[in-house]
Amino acid sequence: MTATTNSRAHAFLERLVGRTPGEADFHQAVAEVVESVWPVIEDRPEFLEAGILERLVEPDRAISFRVTWRDDAGRVNVNRGYRVQFNNAIGPYKGGLRFHPSVRLGVVKFLGFEQIFKNSLTGLPMGGAKGGSDFDPKGRSDAEVMRFCQAFMAELYRHIGKDADVPAGDIGVGAREIGYLFGAYKHLTGRWEPALTGKGLAYGGSLIRPEATGYGCVYFAQAMLGRLGHSVEGRTCLVSGSGNVALYTAEKLVQLGARVVTLSDSDGFVHDPEGLDEERLAWVRDLKFRRRGRIREYAEHFRSAYHPGARPWGVGGELAFPCATQNEVDEADARALVQGGLEALCEGANMPTTARALDVLQAAGVLFGPGKAANAGGVAVSGLEQSQNSQRLTWTRAEVDGRLCAIIQAIHTTCVRHGERVDGGVDYVRGANVGGFVKVAEAMLAQGLY
Ligand code: NDP
């Protein structure tokens with residue numbers, strides 16, 4: 001960027017921060033996009049004249065509501081629910097629901113904003129949205145989770161629908177929660193309508209949807225490495241998290257012959273230098289998805305090292321896959337990763353890398369796959385779930401996986417097209433932001449001023 005362009009972009013961000021105080025995660029997400037797309041905006045006076053960027057950072061609507069429910073002891077509990085419908089220029093709103101005590105408006109807005117560009121990159125007709133609640137499902141009985149989901153949907157159902165807004169899962173919202181939310185939607189509307197994705201196979205779900213974000217993340221890493229004639233096979237991989245995204249990232253890496261040596265949760269991480277295998281992975285899936293246990297139990301069961309209160313970035317590895325949450329790789333972590341021989345980092349989670357950490361990684365020449373591109377496999381297969389629901393057909397596992405692979409490869413190609421540098425390297429952050437932005441901006445322009 002030139003100095004003038006830079007100062008205009010800076011002034012834009014200052015205005016945004018002034019108008020949305022206390023939304024640091026949202027500011028971080030917008031700053032990254034603005035830095036990438038500002039030169040494009042200045043090259044296209046029609047985008048500037050139509051105020052595309054000003055309109056993009058203001059959600060179409062942000063709904064906040066009270067969720068009242070009773071716990072097993074009969075006590076009344078009050079949580080806050082959100083749905084932020086950001087932009088539907090290219091398709092009905094689409095984006096997950098997060099149930100976690102850290103959920104605030106600024107968190108939902110950062111996720112919804114990112115979702116606009118991610119969904120655009122998939123090439124499928126999906127707008128951007130996100131939602132959730134500060135409810136913590138951890139330690140709650142199935143009956144409590146069900147009552148919470150029913151109370152949450154008692155308000156949300158007014159705002160969603162198969163052609164309006166189609167939520168899915170995210171942190172704290174897995175197969176169990178989607179089942180209860182779908183049951184509540186059906187009960188309230190009196191219609192069997194696919195207004196949610198991530199549904200169970202018995203009621204309209206898609207094969208490969210649970211695996212899609214993690215598998216897609218590894219396919220993206222393969223594409224980045226493949227461009228340089230490298231692969232994931234035989235490489236030492238650090239994975240954080242032990243939820244949906246982390247476990248299917250690890251599974252695909254193991255299938256491709258990589259050595260996955262870490263997993264984590266919010267209490268700490270396990271380090272297993274021998275690497276996970278299918279049997280150990282099946283054990284963790286049962287621990288996390290059925291018994292809802294903690295990752296330290298892995299260390300007790302398989303006699304590996306456990307590091308309480310720490311993140312896995314210091315143990316040395318060639319490939320890193322942060323798959324837990326935002327800002328889980330900070331500047332010090334990035335330095336440790338570089339020192340440990342990192343070649344590539346691929347974001348399974350949304351915005352897991354801080355801006356300063358990204359600077360460190362880019363300065364060290366680490367290949368960096370941003371979440372918008374690298375974790376788009378989940379929403380892509382959600383889109384394919386919607387297609388199957390519309391056709392009233394179910395595609396085979398191989399067909400869905402093949403389409404997922406093709407979509408991720410196309411995203412990689414888009415990133416290279418918009419992010420290639422003069423030295424032949426690729427700035428995947430710029431590539432993903434510009435590639436996702438241009439289509440949405442053109443659609444907004446074509447549809448007039450709203
Ligand atoms: P899950 O709830 O299945 O798993 C989340 C994992 O991250 C758990 O191991 C959890 O540990 C850990 N975690 C959550 N919050 C924190 C925290 N503050 N500090 C440390 N660890 C934490 O969620 P998903 O796997 O679905 O989502 C993980 C990430 O991937 C999120 O950033 C999400 O937005 C992103 N994503 C998810 C998609 C999907 O299809 N599910 C699609 C695209 C992106 P604990 O159990 O201790 O909380």
Side-chain angles (χ1 to χ4, degrees), residues 25 29 94-103 107-108 110-112 114-115 118-119 121-122 126 128 130-132 135-140 167-178 196-198 205-206 208-217 220 239-251 262-270 284-285 287-289 291-298 308-313 321-330 333 346-353 369-383 385 404 408:
D25 294 306
K94 181 99 197 81
L97 298 171
R98 176 176 292 191
F99 292 169
H100 192 272
S102 64
V103 168
V107 171
V108 182
F110 117 64
L111 291 163
E114 295 258 304
Q115 199 80 43
K118 181 187 310 192
N119 293 3
L121 281 169
T122 66
M126 301 183 291
K130 201 82 186 190
F135 169 71
D136 188 357
K138 235 179 276 160
R140 292 292 179 187
D170 191 82
I171 291 179
V173 178
R176 171 182 62 171
E177 290 75 17
I178 291 289
L196 291 157
T197 58
S206 174
I208 301 283
R209 175 59 188 92
E211 296 90 337
T213 309
Y215 280 17
C217 186
F220 195 83
V239 176
S240 68
S242 49
N244 172 278
V245 179
L247 294 184
Y248 289 111
T249 295
E251 179 176 282
T262 65
L263 288 173
S264 71
D265 60 23
S266 52
D267 295 336
F269 79 94
V270 288
V284 190
R285 268 199 302 276
L287 172 76
K288 285 291 174 178
F289 297 154
R291 289 186 279 141
R292 300 187 190 279
R294 309 302 299 158
I295 202 65
R296 95 181 112 65
E297 296 171 50
Y298 176 98
R311 301 193 284 226
W313 312 125
F321 295 87
C323 296
T325 193
Q326 63 267 23
N327 295 327
E328 56 164 320
V329 180
D330 65 17
D333 294 325
C346 216
E347 294 187 326
N350 284 311
M351 207 169 73
T353 313
K372 273 183 207 85
N375 71 35
V379 73
V381 174
S382 273
E385 180 177 329
L404 166 64
I408 295 291

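Numbers for residues simply follow the sequence, beginning at 1. Read the numbers this way: they start at 1 and go in the same order the structure lists the ligands and their atoms. All values reported here derive from a predicted model rather than from experimental measurement. Excluded from the calculations below are hydrogen atoms, water molecules and symmetry mates; all remaining heavy atoms, backbone and side chain alike, are included.
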Suppose we screen for side chain to side chain donor-acceptor pair (under 3.5 Å). Which residues come up paired with R311, at least two apart in sequence or across chains?
D330, D333
Closest heavy-atom contact between [X] and [Y]?
X    : Y    : result
W313 : E328 : NE1-O, 2.9 Å
G371 : E347 : N-OE1, 2.7 Å
R209 : T213 : NH1-OG1, 3.8 Å

Short N or O separations between ligand 1 and the protein, below 3.5 Å:
{"residue": "ligand 1", "atom": "2 (O)", "partner": "G172", "partner atom": "N", "Å": "2.9"}
{"residue": "ligand 1", "atom": "3 (O)", "partner": "N244", "partner atom": "N", "Å": "2.9"}
{"residue": "ligand 1", "atom": "9 (O)", "partner": "S242", "partner atom": "N", "Å": "2.9"}
{"residue": "ligand 1", "atom": "9 (O)", "partner": "S242", "partner atom": "OG", "Å": "3.3"}
{"residue": "ligand 1", "atom": "11 (O)", "partner": "S266", "partner atom": "N", "Å": "3.4"}
{"residue": "ligand 1", "atom": "25 (O)", "partner": "N244", "partner atom": "N", "Å": "3.2"}
{"residue": "ligand 1", "atom": "25 (O)", "partner": "V245", "partner atom": "N", "Å": "2.9"}
{"residue": "ligand 1", "atom": "32 (O)", "partner": "N350", "partner atom": "N", "Å": "3.1"}
{"residue": "ligand 1", "atom": "34 (O)", "partner": "R98", "partner atom": "NH2", "Å": "2.9"}
{"residue": "ligand 1", "atom": "34 (O)", "partner": "D170", "partner atom": "OD1", "Å": "2.6"}
{"residue": "ligand 1", "atom": "34 (O)", "partner": "D170", "partner atom": "OD2", "Å": "3.3"}
{"residue": "ligand 1", "atom": "34 (O)", "partner": "N350", "partner atom": "ND2", "Å": "2.8"}
{"residue": "ligand 1", "atom": "40 (O)", "partner": "R209", "partner atom": "NH1", "Å": "3.4"}
{"residue": "ligand 1", "atom": "40 (O)", "partner": "R209", "partner atom": "NH2", "Å": "3.1"}
{"residue": "ligand 1", "atom": "40 (O)", "partner": "T213", "partner atom": "OG1", "Å": "2.7"}
{"residue": "ligand 1", "atom": "46 (O)", "partner": "R294", "partner atom": "NH1", "Å": "3.4"}
{"residue": "ligand 1", "atom": "47 (O)", "partner": "S266", "partner atom": "N", "Å": "2.9"}
{"residue": "ligand 1", "atom": "47 (O)", "partner": "S266", "partner atom": "OG", "Å": "2.4"}
{"residue": "ligand 1", "atom": "47 (O)", "partner": "R294", "partner atom": "NH1", "Å": "3.4"}
{"residue": "ligand 1", "atom": "47 (O)", "partner": "R294", "partner atom": "NH2", "Å": "2.6"}
{"residue": "ligand 1", "atom": "48 (O)", "partner": "K138", "partner atom": "NZ", "Å": "2.8"}

Is any side-chain heavy atom of V379 closer than 4.5 Å to one of T122?
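Result yes, sub-4.5 Å side-chain heavy-atom pair found.
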Rounding to 0.5 Å, atoms CG (L111) and CG (D170) come to a distance of 6.0 Å
